[in-house]
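Computed from a predicted model, the values in this text were never measured in an experiment.
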Amino acid sequence: MNDLNRVKRASAKRARLGQQAECANCGVSDIRGLQSATVVLCAECRLTLQGKRDTERHHPAGRHNDLAAFALPANDHACLTDAQYDWATETLRNPHQDPLRRIAAWLRFFEDVFRYLAEHVQGWAHLLEAASDRLTAVDGVSWFNEMGAK
């Protein structure tokens, strides 16, 4: 059910912003971080153009469960906040301050972080491999020794 809800939210946002929507400033295309007033921008570019920090405070367990919050890049914050919409309402809102719901909220946060990382790790690995190939082609197989890396 959560996957279906996630797809519905993304589809509705794509219907508003356009099927090929991306940030007009940096090209980010993750629909969860895109916003539009007159032009489509990602959350980070919008904040930067407003002269603000490109981070937002995230409440990992939801503010009803724990006041702990930390700064995250705004696009990452948008993605993790979107994931919270898939939590059971009783867990996210925790109206009775149930300690088991509070623990469940923290576990949901970790689940969301691992899912988010899984979405991006493969791309990061490909980038690192491509960078290694390029550096090896230019400076040889020991390119990293010149940089002091071990």
Side-chain angles (χ1 to χ4, degrees), residues 1-88 91-92 101-150:
M1 186 64 163
N2 289 346
D3 290 339
L4 180 59
N5 290 336
R6 195 172 305 120
V7 169
K8 285 180 179 178
R9 284 193 307 277
S11 293
K13 200 166 188 184
R14 285 218 181 275
R16 284 193 315 274
L17 301 180
Q19 291 302 312
Q20 303 301 320
E22 64 180 31
C23 178
N25 193 47
C26 72
V28 161
S29 60
D30 188 329
I31 197 70
R32 296 170 293 185
L34 296 179
Q35 306 164 351
S36 178
T38 55
V39 63
V40 175
L41 293 172
C42 71
E44 291 174 26
C45 287
R46 178 186 50 82
L47 290 168
T48 299
L49 291 172
Q50 292 173 346
K52 299 177 183 176
R53 290 182 179 178
D54 65 353
T55 60
E56 294 177 326
R57 295 190 50 77
H58 184 67
H59 293 81
R63 55 179 57 130
H64 296 286
N65 286 300
D66 198 320
L67 295 178
F70 56 90
L72 270 180
N75 292 340
D76 297 333
H77 178 251
C79 292
L80 291 174
T81 298
D82 179 76
Q84 287 177 330
Y85 294 128
D86 293 329
W87 296 6
T91 298
L92 182 60
R101 292 285 180 168
R102 183 175 298 119
I103 294 167
W106 277 102
L107 293 174
R108 294 280 181 205
F109 164 69
F110 289 116
E111 175 187 11
D112 294 341
V113 168
F114 293 140
R115 182 182 300 112
Y116 183 70
L117 288 173
E119 292 172 3
H120 294 83
V121 165
Q122 184 179 23
W124 297 337
H126 287 301
L127 285 173
L128 291 171
E129 291 161 349
S132 173
D133 290 345
R134 180 167 289 175
L135 289 166
T136 298
V138 172
D139 294 323
V141 295
S142 298
W143 63 264
F144 47 88
N145 289 331
E146 295 176 26
M147 300 177 70
K150 303 264 184 213

Quiz item: Which heavy atom of A43 sits nearest a heavy atom of A74, and at what distance?
Solution: CB-CB, 3.7 Å
Exercise. Please report the closest heavy-atom contact between P60 and A68, naming both atoms and the distance.
Key: CD-O, 3.4 Å
Self-check item: Partners meeting side chain to side chain contact (heavy atoms under 4.5 Å, CB included) with R16 (sequence neighbours left out)
Solution: A12, K13
Quiz item: Got a donor-acceptor contact below 3.5 angstrom from the S132 side chain to the L128 backbone?
Solution: no
Quiz item: Should the heavy atoms of other residues, nucleotides or ligands under 6.0 Å from CD of Q122 be counted, would the total exceed 12?
Solution: no
Practice problem: Using the side chain to side chain contact (heavy atoms under 4.5 Å, CB included) rule, take W87 and D112 through it: C-alpha gap first, then chi angles, then the decisive distance, then the call. | Solution: CA-CA 10 Å; W87 296 6; D112 294 341; 2.9 Å; yes
Quiz prompt | Taking every non-hydrogen atom, the tightest pair across E22 and G27 | solution = CB-O, 3.7 Å
Quiz prompt | Check: D86 main-chain N/O paired with N5 side-chain donor or acceptor under 3.5 Å | solution = no
Quiz item: Is the closest side-chain heavy-atom distance between L47 and E44 below 4.5 Å?
Solution: no
Practice problem: Measure the CG-OG1 distance between N75 and T55 for me, rounded to the nearest 0.5 Å. | Solution: 11.5 Å
Quiz prompt | Over 12 non-hydrogen atoms of neighbours within 6.0 angstrom of CZ in R63 | solution = no
Quiz prompt | H77: ring-ring contact (aromatic ring centres under 6.0 Å, His included) partners, not counting sequence neighbours | solution = H58
Quiz item: Who are the side chain to side chain contact (heavy atoms under 4.5 Å, CB included) partners of A88, not counting sequence neighbours?
Solution: T91, R101
Practice problem: Quick one: pull up CZ in R9 and CG in L4 and give me the separation to the nearest 0.5 Å. | Solution: 10.0 Å
Quiz item: Quick one: salt bridge (charged side-chain N to carboxylate O under 4.0 Å, His left out) partners of R46, sequence neighbours excluded?
Solution: E56
Practice problem: Any chance you could measure L41, atom CG, to L17, atom CG, to the nearest 0.5 Å? | Solution: 10.5 Å
Self-check item: Non-hydrogen atoms of A105 and A61 that approach each other most closely
Solution: CB-O, 3.4 Å
Exercise. Measure the spacing between CD1 of I31 and SG of C79 and express it to the nearest 0.5 Å.
Key: 10.5 Å
Self-check item: Whether over 12 other heavy atoms sit under 6.0 Å from L127 CG
Solution: yes
Exercise. Please name all residues satisfying ring-ring contact (aromatic ring centres under 6.0 Å, His included) with F114, sequence neighbours left out, ordered by chain then number.
Key: none
Quiz item: Rounded to the nearest 0.5 Å, what separation is found between the CZ atom of F109 and the CD atom of Q84?
Solution: 8.5 Å
Quiz item: Tell me, do L34 and C23 make a side-chain contact under 4.5 Å, heavy atoms counted?
Solution: yes
Quiz item: Got a sec, which residues hit side chain to side chain donor-acceptor pair (under 3.5 Å) with R32, two or more places apart in sequence or on another chain?
Solution: D30, E119
Exercise. Side-chain contact test, heavy atoms from C-beta onward, threshold under 4.5 Å: evaluate it for Y116 versus D82 and give yes or no.
Key: no
Quiz item: Shortest non-hydrogen contact from L92 to G62?
Solution: CD1-CA, 4.2 Å
Quiz item: Take atom CZ in R53; do more than 12 heavy atoms of anything else shown fall under 6.0 Å from it?
Solution: no
Exercise. Give a yes-or-no answer on whether the side chains of N65 and W106 include a donor-acceptor pair shorter than 3.5 Å.
Key: no
